Every structure is written in C-alpha cells, then in structure tokens.
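Have a look at the structure below before the remarks.
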2 protein chains.
Amino acid sequence: MTDEFLTIRQMCDAFEVTPRTLRFYETKELLSPRRVGQKRLYTRRDRARLKLILRGKRFGFSLEEIRQLLELYDIGQGPEVQLRTTYDIARQRLSDMERQRAELDEAIRELKQQLAWGAARLDELERGAAAAE
Amino acid sequence: MTDEFLTIRQMCDAFEVTPRTLRFYETKELLSPRRVGQKRLYTRRDRARLKLILRGKRFGFSLEEIRQLLELYDIGQGPEVQLRTTYDIARQRLSDMERQRAELDEAIRELKQQLAWGAARLDELERGAAAAE
DNA sequence: GATGACGTTTACGTTAACGTAACGCTGCGT
DNA sequence: ACGCAGCGTTACGTTAACGTAAACGTCATC
C-alpha cells in the first residue's frame, strides 16, 4: 500500500503529468529520484516535492521560484533565517496574486458591461424582426 | 485638436505602446494605417481599433481572437448574425475569465493558509529566542 | 526471435507577443 | 556638406514549459 517507490509511469498516473514533465523537472533540479540501473524510482520525498511543485504552479510561481523555495525547505531544516526568506517571497507572491485578481475583476466588470450592451442590441433586433412580420 | 492623423510616435505616446508593437499589429492585420510615401498615418478609425485591441488584451483575448472580433465589427456594419457571433465569443470568454478567477481565489486561499502557518512558526521562533536570553 | 510496451538520452520544435539588432533612406538644423 | 534623429524593412533572439521525434536498450510475451 502506498508503495515505497513509484516508477515514472505510476507517478504520472498519480499526479496527472507526463513522463516528459517529470524528466524536465529533474533537469531543473526540482526532483532527483533514486536510480536503479537506468530506471528512476520516486520516493515519498519525491512525491511530497512534486505535490509542492504542482501547488506552487497553481499559485503562479515559476519553476525557478519553486526551485528556490524547495531549496530553502531542505536547507532550512533547522528553522533559521531561511524560513523568513521563504515567508517573504510567499507574501510577495500573494500580493502579486491579489493585484492580478483585482485586474481580472476589473476586466470582468468591463466585459459584462459590453455584453449587456450587446444583449440590448440583440434584443432590439429581435423586436424589430417580430414587428416586421 | 485631436488631429485628424497621428504619426507612429504620436500613437505610441498616446497609447503607451512601442513602434514595434504597432508595426507588429499591422503584420497581424489588426491595424492598417494610411501610407503617405513611406510614413504611416493613423486615422481616427485606427485609434478606435487600437483602443479595442488594448481593451481586448486586458480581457485576455489573444491577438488572433481580437482580429476576428474586429473583422466582425467591420463586416457586420449591418447588424446581422455577426453581432450574435461576437456576443457568443465574448460570453465564452467571460466564462473562461470567471473560471480563472475562481482558480485564482482558490490559490490565494491556500497560499494564505500557508502564510498563516509560516507566521505561526516564525512567532514560535521569536518566543524561543526571547525566552533563551 | 520478432513484436511490443516501456524506459533512456539528446536535441530540435512550439507558442505569443513582441525586443533588438542591422542596415538603409530621408529630412532638417547647422 | 555633415551628422543625427526618426522612420522603414528584414530577420533573428527571447521566455516558459514542456511536446515531439529520433535512436537505442530491456524485458515480457507470443
């Protein structure tokens, strides 16, 4: 159960990513699965990291930012200034996201107005057509 | 006042874009300024289009989508099925944006939780340090 | 022992929206 | 006449995150 090691395919199925993606992350030093012969074997640690990676992506972090954060998580075993740094980066990211959200909201509002206008015109056309019959 | 024609530089200053951008839009058939000799001259129509283009970008439309919409605006002088099409595309876009916003909200919530956790740990560290003195 | 299924590496391709560089023409102020 | 500013075209560079293809090794099976 929850096998100690997963093959690349099992990882892919579990996290809905492609093998290419996992190998790519490896070249970016985001993952470093054990090697048995040529095969990659992903440990519990790799799974935890991948989970963090994917969450980071949802947060809008770049892979490079994620790499730095993971590095901090590792090195910062002994909770030191690293945690503070990670924390600050994350707060920065949060404010970026909130700004993004505000812009998106604004765009949505504008677009809705446009749509209302369009709907009114379409409505007029329908009435016109109905009246013409 | 509001000169009939604008040079490329005036356009750039007015809309905060670079010359490269305007020429790029031209190759993408989003704009088609008059030519006097070699120089480009932008008319009121071009300005209106650029305004729509930039708004479209804020909405998250791709340039290609914007091109199609502009085409519809043009051809659809006589309000026909075109308006309906434009309307539908825009509604589709709106739903995309709302989905996007939902995801962003979710990510923000998660990140905030993480931050709360981080803040708690930092707090612990401070207390520990204070107690140790 | 041939056929697949799955794994590996290496390397080039992709997409969007421009940036940047190279090179040429042209008008204008001195 | 000189030099520079500003416009023009053409074409290659950029960034991110993989996709895709080539070319090969290795089991397991038919």
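Chain identifiers are assigned alphabetically (A, B, ...) following the order of the sequence lines, protein sequences preceding nucleic acid strands; residue numbering begins at 1 within each chain. Everything numeric here is computed off the predicted structure, so don't read it as measured data.
- Remark: Arg99(B) pairs with Asp96(B), Glu103(B) by the side chain to side chain contact (heavy atoms under 4.5 Å, CB included) rule, at least two apart or across chains.
- DNA chain D is contacted by Arg20(B), Arg23(B) of residues 18-25 of chain B, taking any non-hydrogen atom closer than 4.0 Å.
- Read 5' to 3', the first and last nucleotides of DNA chain D with an atom closer than 4.0 Å to a heavy atom of chain B are dC7(D) to dA11(D).
- Residues satisfying the salt bridge (Lys or Arg N to Asp or Glu O under 4.0 Å) test with Arg34(B), not counting sequence neighbours, are none.
- Evaluation of the side chain to side chain contact (heavy atoms under 4.5 Å, CB included) rule for Lys39(A) yields no partner, not counting sequence neighbours.
- Residues meeting the side chain to side chain contact (heavy atoms under 4.5 Å, CB included) test with Arg44(A), sequence neighbours left out: Glu4(A), Arg47(A).
- Every residue meeting the side chain to side chain contact (heavy atoms under 4.5 Å, CB included) condition with Arg9(A), not counting sequence neighbours, appears here in chain and number order: Thr7(A), Cys12(A), Asp13(A), Pro19(A).
- Atom NZ of Lys39(B) and atom C1' of dG24(C) are 14 Å apart (whole Å).
- Remark: Asp88(A) engages no residue in a side-chain hydrogen bond (donor to acceptor under 3.5 Å, both in side chains) (not counting sequence neighbours).
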Under 3.5 Å, which donor-acceptor pairs do the side chains of residues 51-64 of chain B form with other protein atoms, sequence neighbours left out?
from: Arg55(B); atom 1: NH1; to: Gln114(A); atom 2: OE1; distance (Å): 3.1
from: Arg58(B); atom 1: NH2; to: Glu110(A); atom 2: OE1; distance (Å): 3.0
from: Arg58(B); atom 1: NH2; to: Glu110(A); atom 2: OE2; distance (Å): 3.3
from: Ser62(B); atom 1: OG; to: Glu64(B); atom 2: N; distance (Å): 3.4
from: Ser62(B); atom 1: OG; to: Glu65(B); atom 2: N; distance (Å): 3.1
from: Glu64(B); atom 1: OE1; to: Arg67(B); atom 2: NE; distance (Å): 3.1
from: Glu64(B); atom 1: OE2; to: Arg67(B); atom 2: NH2; distance (Å): 2.9
from: Glu64(B); atom 1: OE2; to: Gln68(B); atom 2: NE2; distance (Å): 3.1

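- Partners of Thr43(A) by side-chain hydrogen bond (donor to acceptor under 3.5 Å, both in side chains), not counting sequence neighbours, listed by chain and number: Asp46(A).
- Every residue meeting the side-chain hydrogen bond (donor to acceptor under 3.5 Å, both in side chains) condition with Arg101(B), not counting sequence neighbours, appears here in chain and number order: Asp105(A).
- Between its two ends, the helix from dG1(C)-dC30(D) to dT30(C)-dA1(D) turns its axis by 30°, counting five pairs per end and rounding to 10 degrees.
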